[in-house]
Amino acid sequence: MLADRYGRVATDLRVSLTDKCNLRCTYCMPAEGLSWLPKPELLTDDELVRLVGVAVGLGVTDVRLTGGEPLVRPGVVGLVGRLAELSPRPALSLTTNGLGLARLAAPLRKAGLDRVNVSLDTVDRARYLTLTRRDRLPDVLAGLRAAAAAGLTPVKVNAVLMRGVNDDDAVELLRFCLESNYQLRFIEQMPLDPQHAWDRRRMLTAEEILDRLGAIWSLTPVESRGSSPAETWLVDGGPAVVGVIASVTRPFCASCDRVRLTADGQVRNCLFAREESDLRSALRAGADDGELAERWRAALRSKRAGHGIDDPAFLQPDRPMSAIGG
Ligand code: SAM
């Protein structure tokens with residue numbers, strides 16, 4: 001098992017397939033000038049499948065593919081197919097900006113993908129262009145429809161709101177998701193930007209988001225968050241729900257069941273970890289699966305009790321979100 005000193009067990013593995021992305025969201029990447037991981041440092045498909053297989057042997061039951069943008073990794077469909085053959089078979093999901101889904105949703109489903117989360121911070125085309133620096137909203141909407149048609153359900157939509165940027169999109173996003181039968185979750189913005197310019201005052205808090213939604217809809221809390229990062233509310237009595245992932249104002253570290261593998265083969269026991277465990281070098285130096293498993297277990301033993309964002313001594317990790325895997 002991947003247990004830590006506080007009794008938490010990691011069963012949910014986030015795997016970054018690449019640090020590259022075909023959008024340049026203002027809060028996630030600079031317009032240009034972010035250097036990519038050198039190709040020789042990236043895990044090959046064989047290496048990645050092997051490391052995920054070791055994790056599955058250690059009790060990981062859920063594997064979420066992310067990035068960067070996971071759909072820009074060449075051969076992503078084949079990779080999903082290989083991960084679906086692992087035994088015991090993990091649940092397979094993917095976090096994407098949705099641009100590639102119109103083309104890939106059906107083949108991914110066929111290969112064994114179970115679900116997708118699509119990131120969408122506004123449904124206004126001009127604002128989407130400003131936020132992502134690319135005029136691609138129609139492609140995301142087509143991708144969402146393709147995901148639903150392919151049965152990658154429930155299709156979840158993730159949105160980050162920032163004051164003065166897209167805070168007034170909360171209501172429009174929920175309206176859109178209710179009409180389209182997508183499950184919306186708002187994520188509080190975290191200090192993970194490459195510019196290290198995060199400012200708590202610009203982030204929209206869970207409370208503010210709920211106030212805005214509550215002015216239009218009646219929201220009833222759904223009992224039991226479990227280990228899920230999202231707190232959920234029934235909208236107008238249900239069955240539709242809306243979620244908020246309040247990583248900053250209502251941290252859920254005590255029930256965290258996650259571990260991460262970066263595209264260059266480093267295990268991170270927390271999004272905000274300052275240390276990583278280098279499985280790629282061990283693997284390339286000839287470590288067998290037992291040794292890799294022991295390194296993975298050791299990486300979890302040093303997991304801290306909490307992310308520490310509120311600690312005056314908090315230091316933002318060196319890697320931005322796009323290079324860790326969001
Ligand atoms: N490209 C994929 C996508 O767009 O979903 C996967 C990677 S992206 C980094 C994953 C998610 O992280 C997106 O929903 C994005 O909005 C979110 N994200 C990026 N920076 C963030 C931050 N500082 N705080 C909270 N969420 C962030």
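Remember, it's 1-based here, ligands and their atoms both numbered in the order they're listed. Atom set for the values below is all heavy atoms of this structure, side chains included, hydrogens, waters and symmetry mates excluded.
A donor-acceptor contact closer than 3.5 angstrom links the side chains of T122 and D169.
The side-chain heavy atoms of S277 and Q266, taken from C-beta on, include no pair separated by under 4.5 Å. Proximity of V60 to L13: side-chain heavy atoms (C-beta onward) are separated by under 4.5 Å at one or more points. Side-chain contact between Y182 and L120: absent, with no pair of heavy atoms (C-beta onward) separated by less than 4.5 Å.
Test R280, R284, R82 against E47 for salt bridge (charged side-chain N to carboxylate O under 4.0 Å, His left out) and you get one pass: R284.
The shortest N or O to N or O distance between I187 and ligand 1 is not below 3.5 Å. Looking at Y27 next to ligand 1, an N or O pair under 3.5 Å apart turns up. For ligand 1, the polar-atom distance check finds an N/O of E69 within less than 3.5 Å of one of the ligand's N/O atoms.
Residue G325 places every heavy atom at 4.0 Å or more from ligand 1.
Remark: the backbone N or O of T153 is not paired with any side-chain donor or acceptor of R115 at under 3.5 angstrom.
When C21, C25, G68, P191 are ranked by how near their heavy atoms come to atom 1 (N) of ligand 1, first place goes to G68. The closest non-hydrogen atom to atom 13 (C) of ligand 1, taken over S322, P320, A323, S119, comes from S119.
The proximity of T95 to ligand 1, defined as any non-hydrogen pair under 4.0 Å, involves the side chain as well as the backbone. With a 4.0 Å heavy-atom cut-off, ligand 1 is reached by the backbone of T96 but not by any atom from C-beta on. When heavy-atom distances to ligand 1 are checked against a 4.0 Å cut-off, N97 comes that close through both its backbone and its side chain.
Within the listing of ligand 1, atoms 23 (N), 24 (N), 25 (C) sit less than 4.0 angstrom from a heavy atom of Q189. Atoms of ligand 1 lying under 4.0 Å from any heavy atom of V160, numbered from 1 in the order shown and given with element: 16 (O), 26 (N). When each atom of ligand 1 is checked for a heavy atom of T66 under 4.0 Å away, the hits are 6 (C), 7 (C). Using a 4.0 Å cut-off to heavy atoms of E188, the atoms of ligand 1 that qualify are 25 (C).
Applying the 6.0 Å contact sphere to CD of Q195 captures more than 12 heavy atoms from other residues, nucleotides or ligands. Enclosure of atom NZ in K303 by more than 12 non-hydrogen atoms of other residues, nucleotides or ligands within 6.0 angstrom is indicated.
Of all heavy-atom pairs spanning I324 and T262, the tightest one is O-CG2, 3.9 Å.
Salt bridge D4/R8: present, at least one basic N to carboxylate O contact under 4.0 Å.
The protein heavy-atom contact nearest to atom 23 (N) of ligand 1 is M190 O, 2.8 Å. Here the protein heavy atom with the shortest distance to atom 18 (N) of ligand 1 is M321 CE, 3.7 Å.
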